[in-house]
Amino acid sequence: MASCWLKRRMNPIRNKPRYFVKSWVASLVVVTHLVLVFYSLAATPPLTPDFGSDFNRHAHAFPIAGHVVRIPEEGRLIKTIFWLDFPSLCVFYLFSVIPMVLFPRMNIQTLSWLNATFLFAITFVQWWLVGLSLEEVIRFLRKGRGNAGSPPNKRLQPTPR
């Protein structure tokens, strides 16, 4: 008896993760973003061992996935991705100091792949939430609630006197 009550009580909690995983719009947004990032990173120069030797030369660049990304000198696609990923990049810059403090003698190549992994996780969450929001907007508009041409709700109309 108690287990049946507990199952009914836990059902909304069990169904919520399914909703997040089954979102086709979120999956599409994440995959599209990932393809654009891979395409734009392929055009960047490879990371060289002398990257960290001259700080002034590389002050506006950061290593990611074995490549050097210099935002002011890159093409339009990577600049657009940079601005779209700005919230994720702010979180990344906030926490990117931690591995440098914990492992001060880390190889630059290892650091670039650590940066790529961390950025992937953060941007994945950001674009998944964007996709979920888009899906909710699509559902809202499909139901007709967001349609300006739909008939007004009679319950909200003032009663005639």
So how far is it from [X] [atom1] to [Y] [atom2], rounded to the nearest 0.5 Å?
X    : Y    : atom1 : atom2 : result
S23  : W128 : OG    : CH2   : 6.0 Å
F38  : L34  : CZ    : CG    : 4.0 Å
F103 : L114 : CZ    : CG    : 8.5 Å
N115 : H67  : CG    : NE2   : 13.5 Å

Examine [X] and [Y] and state if one hydrophobic cluster contains both, with Ile, Leu, Val, Met, Phe, Trp and Tyr joined whenever side-chain heavy atoms are less than 4.5 Å apart.
X    : Y    : answer
L77  : L89  : yes
L94  : L111 : yes
L41  : W113 : no
L134 : L28  : no
V97  : Y93  : no

Would you say [X] and [Y] make side-chain contact, with heavy atoms under 4.5 Å?
X    : Y    : result
D85  : F92  : no
P63  : V68  : no
L119 : I64  : yes
P87  : Q126 : yes
L47  : S112 : yes
F140 : V137 : no
I81  : H33  : yes

Residue that, paired with I122, satisfies side-chain contact (heavy atoms from CB on, under 4.5 Å) out of F120, F124, F118: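 Going through F120, F124, F118 one by one, the side-chain contact (heavy atoms from CB on, under 4.5 Å) with I122 is satisfied by F118 alone.
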
Over 12 foreign heavy atoms within 6.0 Å of OH, Y39: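 Count not over threshold, so no.
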
Salt-bridge criterion met for R70 and E74 (N-O under 4.0 Å):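 Result for this pair is no, no salt bridge flagged.
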
T44 side chain to S40 backbone, donor-acceptor under 3.5 Å: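 No; judged by distance alone, with no hydrogens or angles, the pair does not exist.
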
